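First the proteins, then the strands, lettered A, B, ... as listed; each starts at 1. Fair warning: this is a prediction, and the values are worked out from it, not measured in the lab.
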2 protein chains.
Amino acid sequence: MDISTSTINLPKGMKSEKTPAAPGRPRAFDVDQALETAMNLFWKQGYEGTSLTDLTEAMGINRPSLYAAFGNKEELFRKVVERYGSGPGRHATTSLAEPTARQVAEAMIRGSVNLLGDKSHPRGCLMVHGALACSEDSAEVQQDMAAMRSSAETQLRERFARAQAEGDLPVTANPADLARFVQAVTQGMAVLAASGATGEELARVGDLAMQAWPK
Amino acid sequence: MDISTSTINLPKGMKSEKTPAAPGRPRAFDVDQALETAMNLFWKQGYEGTSLTDLTEAMGINRPSLYAAFGNKEELFRKVVERYGSGPGRHATTSLAEPTARQVAEAMIRGSVNLLGDKSHPRGCLMVHGALACSEDSAEVQQDMAAMRSSAETQLRERFARAQAEGDLPVTANPADLARFVQAVTQGMAVLAASGATGEELARVGDLAMQAWPK
DNA sequence: TGATATGTGTACCATTCAGTAAATAATACG
DNA sequence: CGTATTATTTACTGAATGGTACACATATCA
């Protein structure tokens, strides 16, 4: 019923990586790999554009296995989003740890460029492409994605406000406006990537955007 | 079979607005109004997120009437996109006529802000929300939308190159980069609008973006 | 060897999808 | 009037949607 096969650290020998082996028939597929496959599909085709048949065929499993492991389509999508946030979209949170506001913005933009210009991934950003416009059936997923984008903006704004207090951002600057601007640029680059923009082209968009940074 | 009821200018009296009245049962709904309704639905829910039932119910007509008047779902969408381009999204082309590169960029951004901040419309941009991520069934529509966004970028680049030749844009500036930057900002604002950003907030994003403009 | 617990495979469910056949209704023209 | 033409209505099609019942397979534990 649960995802994880609950890897428990029992300090027996040196290599205590294996799970304690639960009873019942063992799962015949790799959950983590299946999640990765689902992520790439949702990333490319969006939540509603990806059917259960698309998913099970790509994962190489049957419908009931998917439901047993991930709940349903919506729960699977949420798990994919979580994985995305701690994987490919990691820079959205790690960038906040940079020492100055400018470096935070630069790291955020550079991270987006790296992600969006990477040809080993679908072009775009799951947070933007996942459920931007969809039917009313998926309104909740849609709103959640919007809320997560807004939350990223809020974190950025608070980071910039802190920077202002710390003195590395002019008092004349507006943290909320700067946060929204960085969000606009990175999300705009996500749309550009979907139109076929290359990594170099996106990087130059980022460089231009940083020209607007308050001095 | 055709859309228009073919308003022909026959200079009989002063007011020659009415159509010559074709034979057959007259259409019971206003084609233009139906297109407007369809546009708002596609705008809000995207191409795949809008079902024929959504459309016919909102238009107040039956399925066969829709097919007789507009062909099919895809053709209807293309007609909606055309209407959008000459209506709400007009600024994307009219801005090019501004006298200087800077004024073109400002007009483009201001036009986007006005559109995206207008609460009488769905939040966002049809060119971005219409078919950003979708199933493979709609790949053609998706590619067409990407091509139209790219085309807008090309027009902008050529306009900036002309400006450079005319001397109102520094020779050190890069027209292609500037065009892509303006596109990134406006499309990013479209995503922000979908997350709930207000017109005032978007306007400040636009002001910040113009700070990056070459002097 | 059971008993229990879990996963897989097949085959199905009701609903919705885009699209259409055919009968009927409303107009123009002769 | 009758004929031709076009639009509306109802009812339908086959395929795809998300989700599930149930029999069977494979594991642990006693």
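- No contact: A:S135 has no heavy atom under 4.0 Å from any strand.
- When the nucleotides D:dT17, D:dT9, C:dA18 are ranked by their closest atom to the side chain of B:S65, D:dT9 comes out on top.
- Protein atom CG of B:D137 is 11 Å distant from nucleotide atom C1' of C:dA18, rounded to whole Å.
- Here A:S51 does not reach the OP1 or OP2 of D:dA16: none of its side-chain N or O atoms lies under 4.0 Å away.
- For C:dT8, the OP1/OP2 oxygens have no side-chain nitrogen or oxygen of A:N62 closer than 4.0 Å.
- Comparing atom distances between the A:K73 side chain and each of C:dA25, D:dG19, C:dG7 picks out D:dG19 as nearest.
- For B:R63 against C:dA18, a side-chain-to-base donor-acceptor contact under 3.5 Å is present.
- Heavy-atom distances under 4.0 Å link DNA chain D to no residue of residues 38-49 of chain B.
- What separates CZ of B:R25 from C1' of C:dT27 is a distance of 9 Å, to the nearest Å.
- Among the protein residues, B:P64 comes within range of the nucleic acid bases, having at least one heavy atom under 4.0 Å from a base atom.
- Side-chain atoms of A:T53 lie closest to D:dT17 of the nucleotides D:dT17, C:dG19, C:dT8.
- Applying the ring pair (Phe, Tyr, Trp, His ring centres under 6.0 Å) test to pairs two or more places apart or on separate chains, those with a residue in residues 111-132 of chain A are A:W43-A:H121.
- In this structure, B:L76 places its CG atom 11 Å from P of C:dA18, rounding to the nearest Å.
- The distance from atom CD of A:E75 to atom P of D:dT20 is 11 Å, rounded to the nearest whole Å.
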Exercise. Start with the C-alpha distance between B:E136 and A:K44, add both sets of side-chain angles, then the distance that settles salt bridge (Lys or Arg N to Asp or Glu O under 4.0 Å), and finish with yes or no.
Key: CA-CA 10 Å; B:E136 292 184 347; A:K44 182 177 157 220; 3.6 Å; yes
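- Residues passing the side-chain contact (heavy atoms from CB on, under 4.5 Å) test with A:E36 are A:M39, A:N40, A:R83, sequence neighbours excluded.
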List the atom pairs, donor and acceptor, that lie under 3.5 Å between side-chain atoms in residues 71-78 of chain A and the rest of the protein, sequence neighbours left out.
residue : atom : partner : partner atom : Å
A:N72   : OD1  : A:E74   : N            : 3.2
A:N72   : OD1  : A:E75   : N            : 2.9
A:K73   : NZ   : A:Y47   : O            : 3.0
A:K73   : NZ   : A:T50   : O            : 2.8
A:E74   : OE2  : A:R78   : NH2          : 2.6
A:R78   : NH1  : A:D144  : OD2          : 2.4
A:R78   : NH2  : A:D144  : OD2          : 3.1

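- Put simply, CD on A:E74 is 14 Å from C1' on D:dG19, counting in whole angstrom units.
- Proximity of B:M210 to B:D207: side-chain heavy atoms (C-beta onward) are nowhere separated by under 4.5 Å.
- In this structure, CG in A:D54 is found 11.0 Å from CE in A:M59, a value given to the nearest 0.5 Å.
- A:T50 comes within 4.0 angstrom of sugar-phosphate atoms only, judged by non-hydrogen atoms across all strands, and of no base.
- Mapping B:P26 and A:G24 onto DNA chain C by nearest heavy atom places A:G24 at the nucleotide closer to the 5' end.
- In this structure, B:L66 places its CG atom 13 Å from P of D:dA7, rounding to the nearest Å.
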Output side-chain donor-acceptor pairs under 3.5 Å for residues 187-194 of chain B, partner residues at least two apart or in another chain, one line each.
none

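- By the ring-ring contact (aromatic ring centres under 6.0 Å, His included) test, B:W213 is found to be paired with B:F160, residues two or more places apart in sequence or in another chain being considered.
- The nearest whole Å value for the distance from the OH atom in B:Y67 to the P atom in C:dG19 is 4 Å.
- Side-chain proximity of B:L52 to D:dG18, C:dA5, C:dA18: nearest is C:dA18.
- Side chain of A:A28, nearest nucleotide from C:dT8, D:dT17, C:dA26: C:dT8.
- Taking atom CZ of B:F29 as the reference point, atom P of D:dT9 lies 10 Å away to the nearest angstrom.
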